[in-house]
Amino acid sequence: MNYWLLKSEPSSFSIDDLARARGRKTAWDGVRNYQARNMLRDEMKKGDRAFFYHSSCEVPGITGIVAVVRAGYPDVTAFDPKDHHFDPDSDPHAPRWFMVDVKLVRKFERSITLDELKRHASGKLKDLQLLQRGTRLSVMPVSAQSWKFILSLA
DNA sequence: GCCAACGTTGGC
DNA sequence: GCCAACGTTGGC
């Protein structure tokens, strides 16, 4: 089993939105970055776990855990001209963008803030991409060690 | 293939 | 709202 971190802006989709969703599940759509796409398409497997991270908000941080319940499949929002993430160059016969389905496993009592994570940037969380310079990916792998340590902060 | 211009991300 | 860092686009 592999571990991941998924970013979402709570103003567009928060962990509470996920908690309210039918079956506490959602399709993780709208990712339009090739590196992230590759992970969604090729590497994320059913049963993998991911931290749910709130970005671009008052207090950025990890707010809970989700499970991958369906591995990568074509992101249909790319084919919908009315969708915000529409991509006219994505061919339905050779889809360019992919998504996975995730299900809420646990919402933390309090969010583990970016501030708090940063305090371990040169220690236990040395390998956490989130803390590395210039990392803007909305999907990133998390090592088993970092996963375990972050859980101990929750 | 280079690179300038532009767009996006995301913390602050 | 600012800006650093990065990705993408398109002319050449």
Side-chain angles (χ1 to χ4, degrees), chain A residues 2-21 26-44 48-66 68 71-102 104-143 145-147 149-154:
Chain A
N2 288 311
Y3 301 107
W4 308 91
L5 183 143
L6 298 170
K7 290 183 189 171
S8 184
E9 299 188 15
S11 59
S12 67
F13 191 81
S14 71
I15 196 161
D16 290 321
D17 291 327
L18 180 56
R20 282 189 293 267
T26 191
W28 202 264
D29 61 21
V31 174
R32 297 292 180 266
N33 170 283
Y34 288 105
Q35 243 182 297
R37 185 280 309 271
N38 292 347
M39 290 187 266
L40 291 170
R41 185 189 60 189
D42 307 330
E43 296 177 51
M44 292 183 79
D48 284 359
R49 296 289 161 114
F51 285 130
F52 193 115
Y53 179 84
H54 280 177
S55 66
S56 293
C57 57
E58 207 169 325
V59 185
I62 294 170
T63 53
I65 296 171
V66 298
V68 176
Y73 63 105
D75 181 345
V76 291
T77 66
F79 310 133
D80 178 1
K82 291 192 292 291
D83 194 279
H84 182 244
H85 298 288
F86 175 59
D87 177 2
D89 295 330
S90 184
D91 174 359
H93 299 293
R96 174 181 293 184
W97 304 114
F98 284 72
M99 59 188 179
V100 298
D101 287 351
V102 300
L104 183 62
V105 170
R106 175 180 170 196
K107 181 191 167 184
F108 295 147
E109 310 267 315
R110 57 173 197 93
S111 116
I112 304 167
T113 66
L114 179 59
D115 237 29
E116 188 172 356
L117 296 171
K118 277 181 176 169
R119 290 205 283 272
H120 307 280
S122 53
K124 295 271 195 183
L125 298 179
K126 205 181 303 180
D127 68 359
L128 190 66
Q129 284 187 28
L130 182 73
L131 302 177
Q132 285 159 19
R133 175 178 145 277
T135 303
R136 298 174 314 168
L137 281 179
S138 62
V139 178
M140 62 181 78
V142 173
S143 70
Q145 298 92 307
S146 289
W147 179 272
F149 180 71
I150 292 168
L151 269 188
S152 77
L153 300 173

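Residue numbering restarts at 1 for every chain, and letters A, B, ... go by the order of the sequence lines. These figures come from a predicted structure and were not determined experimentally.
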Suppose we call two aromatic rings close when their centres sit under 6.0 Å apart. Are Tyr73(A) and Trp97(A) close by that rule? no

I'd like to check Asp127(A) versus Ser146(A) (side-chain heavy atoms, cut-off strictly below 4.5 Å). Are they in contact? yes

Do the charged groups of Arg96(A) and Asp87(A) touch, with an N to O distance under 4.0 Å? yes

Salt bridge between Arg37(A) and Asp75(A), side-chain N to carboxylate O under 4.0 Å? no

Atom-pair distance (NE2 on His84(A); C1' on dT9(B)), nearest Å: 13 Å

For dT9(B), does OP1 or OP2 lie under 4.0 Å from any side-chain N or O of Lys7(A)? no

Enumerate all atom pairs, one protein N or O and one N or O from nucleotides 1-8 of chain B, separated by less than 3.5 Å.
| from | atom 1 | to | atom 2 | distance (Å) |
| --- | --- | --- | --- | --- |
| dT8(B) | O2 | Arg136(A) | NH1 | 2.8 |

Heavy-atom distance under 4.5 Å between the side chains of Arg119(A) and Leu125(A), does that happen here? no

Nearest atoms (heavy-atom pairs only) where Leu131(A) meets Leu117(A): CD1-O, 3.5 Å

Tell me, yes or no, whether the heavy-atom count around Gln35(A) atom CD, taken from other residues, nucleotides or ligands under 6.0 Å, exceeds 12. no

Keeping Thr26(A) on the side-chain end and Leu18(A) on the backbone end, is there a donor-acceptor pair under 3.5 Å? no

What parts of residues 109-134 of chain A reach DNA chain C, counting only heavy atoms under 4.0 Å away? Arg133(A), Gly134(A)

For dG11(B) and Tyr53(A) - does any side-chain N or O of the residue sit under 4.0 Å from the phosphate oxygens OP1/OP2? yes

